[in-house]
Amino acid sequence: MSQREDQELLGRDERPDDEEHLHRIAREFQVGFDAVERIGLPAVSIFGSARLGPGDRWYDAAIETGRAFVRHGFAVVTGGGPGIMEAANLGANEAGGTSVGFGIVLPHEQSMNEHCDIAVEFDHFYARKVMFVKAAEGFVVFPGGFGTLDELFEALTLIQTEKVVHFPVVLFGRVFWEPLLDWVHRTLEHEGMISPDDLELVSVTEDADEAARLVVDCFQKQCAHTPAEPDKADAQ
């Protein structure tokens with residue numbers, strides 16, 4: 001899809017060929033579902049700014065976080081771009097794990113980073129966002145801008161509305177995230193716009209191993225409480 005076609009879809013007075021566009025969306029979802037199926041492992045989705053590079057403390061921490069998840073047998077999923085995404089993919093790749101990039105076609109964005117074993121580029125944000133959730137057992141969110149905040153609040157909305165359950169969200173970087181959480185508690189919760197338990201699965205850390213452990217522990221607890229399927233031989 002061209003940038004112009006996407007503008008037409010979102011524009012008020014213009015519209016693309018609806019039938020063809022629906023086919024493209026369906027194909028995009030199918031490609032995404034196939035990619036998720038290929039991962040074959042529990043996974044974490046890691047988000048953060050595309051504007052950070054080697055030597056930045058968050059970039060280096062994202063490398064360590066990618067490595068930490070691989071040590072627990074997890075795949076690492078990112079948006080496939082530069083910055084924090086590149087760092088997490090690099091860490092997973094260096095640790096010998098499965099490194100996945102779900103990218104987006106943008107006019108001013110760099111292409112997919114080179115550290116992805118599985119790489120898919122999407123035209124539509126909503127299809128891409130579904131794959132981030134579908135593939136993952138939780139999110140780790142590093143400092144970032146509008147896109148990162150979008151993914152964070154998407155996850156919180158899905159948790160609040162019980163569209164996903166047992167889905168931990170780990171915020172990496174206290175100095176960055178605690179002012180936001182303070183506002184959420186002092187304003188949203190105080191005004192009754194969210195419930196106190198809406199953020200019960202949100203944690204804050206500055207340690208890569210703890211970030212991995214918070215997601216992995218939640219996943220393992222969920223597996224322990226999931227009834228095993230009866231053996232086919234016993235059912236006959």
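- For the pair E28 (side chain) and D123 (backbone), a donor-acceptor distance under 3.5 Å is present.
- Two residues are said to be in side-chain contact when any heavy atoms from C-beta on lie closer than 4.5 Å; V133 and K163 fail this criterion.
- By the 4.5 Å heavy-atom criterion applied to side chains, C218 and E137 are not counted as neighbours.
- Here the side chains of V184 and D198 are not in contact, with every heavy-atom distance at 4.5 Å or above.
- To the nearest 0.5 Å, the span separating CD on E154 from CD1 on I159 amounts to 11.0 Å.
- Residues F176 and V141 fail the side-chain proximity criterion, which asks for heavy atoms closer than 4.5 Å.
- Q160 places no side-chain N or O within 3.5 Å of a backbone atom of I194 that could act as its donor or acceptor partner.
- Residues satisfying the salt bridge (charged side-chain N to carboxylate O under 4.0 Å, His left out) criterion with D150, sequence neighbours excluded, are K129.
- Screening V100, V70, T98 for a side-chain contact (heavy atoms from CB on, under 4.5 Å) involving L41 leaves a single residue, T98.
- In terms of modelled atom types and a separation under 3.5 Å, the side chain of R128 and the main chain of F102 share a donor-acceptor contact.
- Contact annotation: the side chain of V202 never approaches that of W177 to less than 4.5 Å [non-hydrogen atoms, C-beta and beyond].
- The ring of F142 has its center no closer than 6.0 angstrom to the ring center of Y59.
- Close placement of the H124 and Y126 rings is indicated, their centers lying within 6.0 Å of each other.
- In the displayed structure, E114 atom CD is contacted under 6.0 Å by at most 12 heavy atoms of other residues, nucleotides or ligands.
- Under a 3.5 Å cut-off, the side chain of S195 and the backbone N or O of D197 do not form any donor-acceptor pair.
- By the 6.0 Å contact criterion, CZ on R27 is enclosed, its count of non-hydrogen atoms from other residues, nucleotides or ligands being greater than 12.
- At least one side-chain heavy atom of F29 sits under 4.5 Å from a side-chain heavy atom of M131.
- In this structure, G101 and M112 approach most closely via the heavy-atom pair O-CE, 3.2 Å.
- A salt bridge links D209 with R71: the closest approach of a Lys/Arg side-chain nitrogen to an acidic carboxylate oxygen falls below 4.0 angstrom.
- Using a 4.5 Å cut-off on side-chain heavy atoms (C-beta onward), F139 and L152 make no contact.
- Between R24 and E20 there is a salt bridge, since at least one side-chain N of the basic residue sits less than 4.0 Å from a carboxylate O of the acidic one.
- With sequence neighbours excluded, the residues satisfying side-chain hydrogen bond (donor to acceptor under 3.5 Å, both in side chains) with T78 are N89.
- The distance from atom CD1 of I118 to atom CG of D34, rounded to the nearest 0.5 Å, is 11.0 Å.
- Interatomic distance, I25 CD1 to H23 NE2, rounded to the nearest 0.5 Å: 11.0 Å.
- Side-chain contact check for P168 versus L214: every heavy-atom pair is 4.5 Å or farther apart.
- In this structure, F172 and W58 have perpendicular ring planes: the angle between them is above 60°, well past the 30° mark.
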